[in-house]
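Reviewing the structure listed below.
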Amino acid sequence: MKYVDEYRDGALARELAAAIAAEVDPGRTYAFMEFCGGHTHAISRYGIEDLLPPNLRMIHGPGCPVCVLPVGRIDDAIRLARRPEVTLCTYADLMRVPASKGMSLLKAKAAGADIRMIYSPLDSVRIAEAEPKREVVFFAIGFETTTPPTAVALKTAEAKNLANYSIFSNHVLTPVAMRAILDTPAEEKGELAIEGFVGPAHVSTIIGMEPYRAFAENDRKPVVIAGFEPLDVMQAILMLVRQVNEQRSEVENQYIRVVTPAGNTAAQALCSEVFEVREDFEWRGLGVLARSALKLRDKYARFDAEKRFGIATVRADDNPACECGAILRGQKKPAECKLFGTVCTPQTPMGACMVSAEGACAAHWTYGRFRDRERKRTAPEPGTAL
Amino acid sequence: VFKTISIMLVEDAAPGDYVIVHVGHALAKLDPVQAEETLALLAEAARRVASPA
């Protein structure tokens, strides 16, 4: 497809890899975090790690909506779905996320709960309209990318005056999570020393470039917003290497074909009309973060599932052996978890990072695990041309 | 693949435009001029390695 294929050109990717290799300083190491799960997926799928010089490491960030949603909120959704009058509408990748006591939405559905997988939030509005006797709840999750579509669904339900429609909001904010990663105390960071970020693609179409400025100016961490195709990611890495080499720290935009400095201001206005910031919200892996998530404003209280059904979230723990939290913080690699690829696979996930295609573990399992094994077997001598 | 999407978030979208779609909604329009510019920058970075100045 036009505007996709050109950015997947393998020959050009190898030339870009050579450009990165030529520009890195062999006397030092580089560590960049790709915040967004879409980039994690692209890096694994297209084997970008194999094209990068050995002294440049990509750390996978927490930008996977399904992965950061804490167990307690999945438990809430399951309790909601078990109410006989409720139809719970959800994105498909939430279905297999492990909840407490070995449950999941998929198992709840198999046991009779009315749970429907939807593609667009507007599908949930259509269901509410078609089935007025059902209490239709949209289980809304995601970063700034999915928040505006949820707002559109709410405004549509309001315009249709639907009395049987509500939203269970779990929308979260990217810059707050980036801040939490940078503010992790040194003793907890281990070898983690992020020198820059590959900034999210779709999130930035909405929020623009401004929200990242503090990371560049105050924390001296360059941010390069990048598209989701492999050449986009590689070009962004090259731009980060140049910033580090030249001791610059700026917010740069590789994804100029879509992201504008101000972002989508109409979407921003709609979101701030519908949502307000919560005092705090729990994230898997990052703990409770102040002002990190969104809830419906009081004037939309009648559409707020938390109020309508009196949801009181109970904190619940992950499988104790699951390293999802450390992986989301960039402190561990998927293969360093002892569950990885043994009891935990995409077919039987133990942790959320193995569920979503954007999760670091699922991406590594699907595209990366054989390469690791191969590399160990035929590790080249240092300096060997690949 | 044919899919009906909402353009409520990108109201100036017109037939012939390319848009970024996420969960059934257009989030932003793609700028063809900037797309060419990106490809030119990519080619330039690659060329510089092939023939270092």
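Given the structure is predicted, the values throughout are model-derived calculations rather than measurements. Letters A, B, ... mirror the listed sequences (proteins, then strands); counts begin at 1.
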Point to revise | Leading residue by heavy atom contact count with chain A [cutoff under 4.5 Å; candidates B:I5, B:V10, B:D31, B:L30] | key: B:L30

Review point. Taking B:S6, B:A28, B:A35, B:A43 one by one, which has the highest count of heavy-atom pairs under 4.5 Å against chain A?
Key: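 The option with the most such pairs is B:A35.
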
[atom2] on [Y] to [atom1] on [X], rounded to 0.5 Å:
| X | Y | atom1 | atom2 | answer |
| --- | --- | --- | --- | --- |
| B:L41 | A:L16 | CG | CG | 10.5 Å |
| A:E6 | B:E36 | CD | CD | 7.5 Å |
| A:R257 | B:L39 | CZ | CG | 7.5 Å |
| A:T260 | B:K29 | OG1 | NZ | 11.5 Å |
| A:I256 | B:T38 | CD1 | OG1 | 3.5 Å |

Taking all non-hydrogen atoms of both residues into account, name the closest pair between [X] and [Y] and its distance.
| X | Y | value |
| --- | --- | --- |
| B:P32 | A:Y3 | CB-OH, 3.2 Å |
| B:A45 | A:A19 | O-CB, 3.8 Å |
| B:L42 | A:L231 | CD2-O, 3.9 Å |
| B:G24 | A:S120 | CA-CB, 4.1 Å |

**Study point:** B:I20, part contacting chain A, at a heavy-atom distance under 4.5 Å
**Key:** side chain

Check your understanding: Under a 4.5 Å heavy-atom cutoff, which of A:A151, A:P148, A:A266 has the most pairs with chain B?
Key ->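 Looking at each of A:A151, A:P148, A:A266 in turn, A:P148 comes out on top.
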
Exercise for review: Inspect the surroundings of CZ in A:R8 and state if more than 12 heavy atoms from other residues, nucleotides or ligands are less than 6.0 Å away.
Suggested key: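 Result for CZ/A:R8: enclosed.
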
Exercise for review: Using a 4.5 Å cut-off on heavy atoms from C-beta on, say whether the side chain of B:V23 contacts that of A:Y119.
Suggested key: no

**Study point:** Side chains of A:P121 and B:H25 in contact at under 4.5 Å (non-hydrogen atoms)
**Key:**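 The answer is yes; the side chains approach within 4.5 Å.
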
Review point. Ignoring hydrogens and geometry, is there a side-chain-to-backbone donor-acceptor pair from A:N264 to B:L9 under 3.5 Å?
Key: yes

Review point. Given a strict heavy-atom distance threshold of 4.5 Å, which part of A:K155 is in contact with chain B: side chain, backbone, both, or neither?
Key: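 For A:K155, there is no contact with chain B at all, as no heavy atom is under 4.5 Å.
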
Review point. Is there a side-chain contact (heavy atoms from CB on, under 4.5 Å) between B:L27 and A:T145 once you walk through the steps?
Key: CA-CA 8 Å; B:L27 298 182; A:T145 328; 3.3 Å; yes

